[in-house]
Amino acid sequence: MLFNSFPFLLAFLPAALILHGLAARFRPDWRLPVLLALSFVFYGWWDVRFVPLLAGSIGLNWLVARLFLRSGAGWLIPLAIGLNLAVLALFKYLNFFADLANLVPGMTLPHADLVLPLGISFFTFHHVMYLVDLRAGRAPPYDLLRYALYIAFFPQVLAGPLVRWREVMHQ
């Protein structure tokens with residue numbers, strides 16, 4: 001859903017403002033879960049099949065961050081970054097590399113025709129920025145809810161900009 005579309009302007013945004021306002025007034029502890037749920041609804045509006053990709057990406061990266069902080073195993077962060085970039089490359093560049101390979105005489109690789117998930121570059125680079133800062137000792141650990149909201153917050157997923165965790169987490 002685009003920010004200038006009628007479904008966003010006439011349905012999603014008013015519902016989001018009302019739900020957030022109600023949570024802030026009557027159940028302040030529900031404010032962040034409501035924002036996260038709204039972010040997943042926003043993301044799923046494009047194609048609900050990609051919600052598990054976003055949720056799985058958030059969960060795995062958060063688990064890697066926790067494991068790194070507990071064990072101090074320095075190889076975990078580069079491995080996680082590599083996996084994040086591999087998933088991004090799979091969706092964005094698989095057909096490009098298939099086309100390059102097909103230039104070789106006698107090679108015929110089929111196209112995968114994968115649909116590009118909404119905001120995959122955006123949330124991949126948010127994961128990478130946080131993991132790099134975590135390994136350098138500049139990022140604190142966050143609970144799963146705050147980390148998930150940092151990655152999936154709907155007002156940023158399409159419009160950006162990429163922001164470091166320290167610029168938005170206090171808000």
Side-chain angles (χ1 to χ4, degrees), residues 1 3 8 12-13 15-92 115-171:
M1 150 179 16
F3 292 136
F8 178 80
F12 184 81
L13 183 59
L17 292 173
I18 290 167
L19 288 171
H20 183 265
L22 289 171
R25 181 177 173 126
F26 297 108
R27 293 298 304 259
D29 54 319
W30 286 15
R31 208 175 113 253
L32 296 182
V34 165
L35 283 174
L36 182 60
L38 287 166
S39 295
F40 276 102
V41 167
F42 179 85
Y43 187 77
W45 196 279
W46 176 259
D47 192 333
V48 74
R49 295 175 300 169
F50 296 126
V51 172
L53 174 68
L54 177 61
S57 172
I58 289 168
L60 287 174
N61 280 283
W62 180 77
L63 286 173
V64 165
R66 302 281 293 190
L67 188 57
F68 169 75
L69 289 170
R70 262 192 253 144
S71 70
W75 57 270
L76 282 170
I77 300 297
L79 177 65
I81 291 170
L83 289 173
N84 279 300
L85 295 176
V87 169
L88 178 64
L90 173 76
F91 281 99
K92 287 190 103 168
V115 176
L116 187 63
L118 179 70
I120 190 169
S121 297
F122 182 81
F123 69 75
T124 298
F125 291 125
H126 265 96
H127 286 308
V128 169
M129 287 189 306
Y130 178 74
L131 291 171
V132 166
D133 283 349
L134 187 69
R135 183 159 192 235
R138 294 187 299 257
Y142 288 106
D143 61 87
L144 181 57
L145 177 63
R146 289 183 187 278
Y147 182 74
L149 195 53
Y150 164 65
I151 299 299
F153 189 50
F154 78 88
Q156 284 192 313
V157 78
L158 287 180
L162 288 172
V163 293
R164 293 215 179 260
W165 59 269
R166 66 179 164 270
E167 296 173 30
V168 294
M169 290 304 272
H170 65 281
Q171 298 176 24

Looking at every non-hydrogen atom in both residues, tell me the closest pair between Ser39 and Phe154 and how far apart they are. OG-N, 3.0 Å
For residues Leu85 and Ile81, determine if any side-chain heavy atom of one lies less than 4.5 Å from a side-chain heavy atom of the other. yes
For Phe40 and Leu54, the nearest pair of non-hydrogen atoms, with its separation, is CE2-CD2, 3.7 Å
Quick one, Leu145 and Leu149 - any side-chain contact, counting heavy atoms below 4.5 Å? no
Which atom pairs, one a donor and one an acceptor, fall under 3.5 Å between side chains of residues 57-64 and the rest of the protein, sequence neighbours left out?
from: Ser57; atom 1: OG; to: His127; atom 2: NE2; distance (Å): 2.7
from: Asn61; atom 1: OD1; to: Asn84; atom 2: ND2; distance (Å): 2.7
from: Asn61; atom 1: ND2; to: Ser57; atom 2: O; distance (Å): 2.7
from: Asn61; atom 1: ND2; to: Asn84; atom 2: OD1; distance (Å): 3.1
from: Trp62; atom 1: NE1; to: Tyr142; atom 2: O; distance (Å): 2.7

Distance from Leu32 atom CG to Phe153 atom CZ, nearest 0.5 Å? 9.5 Å
Find the distance between CG (Leu90) and CG (Leu83) and round it off to the nearest 0.5 Å. 12.0 Å
What one should report as the nearest heavy-atom pair of Leu131 and Ala65 is CD2-CB, 4.4 Å
Using the benzene-type ring in the case of Trp, are the ring centres of His126 and Tyr130 under 6.0 Å apart? no
Is there a side-chain contact between Leu134 and Leu69 (heavy atoms, below 4.5 Å)? yes
For Leu53 versus Pro117, what's the shortest heavy-atom pair and its separation? CD2-CG, 3.6 Å
N/O donor to acceptor pairs below 3.5 angstrom from side-chain atoms of residues 19-27, sequence neighbours left out:
from: His20; atom 1: NE2; to: Arg31; atom 2: NE; distance (Å): 3.1
from: Arg27; atom 1: NE; to: Asp29; atom 2: OD1; distance (Å): 3.4
from: Arg27; atom 1: NH2; to: Asp29; atom 2: OD2; distance (Å): 3.3

Listed partners of Arg66 passing side-chain hydrogen bond (donor to acceptor under 3.5 Å, both in side chains), at least two apart: none
Hey, can you tell me if Phe42 and Phe8 have their rings parallel, tilted or perpendicular (30° and 60° cut-offs)? perpendicular
Within-4.5 Å side-chain heavy-atom neighbours: Arg138 and Val132: yes
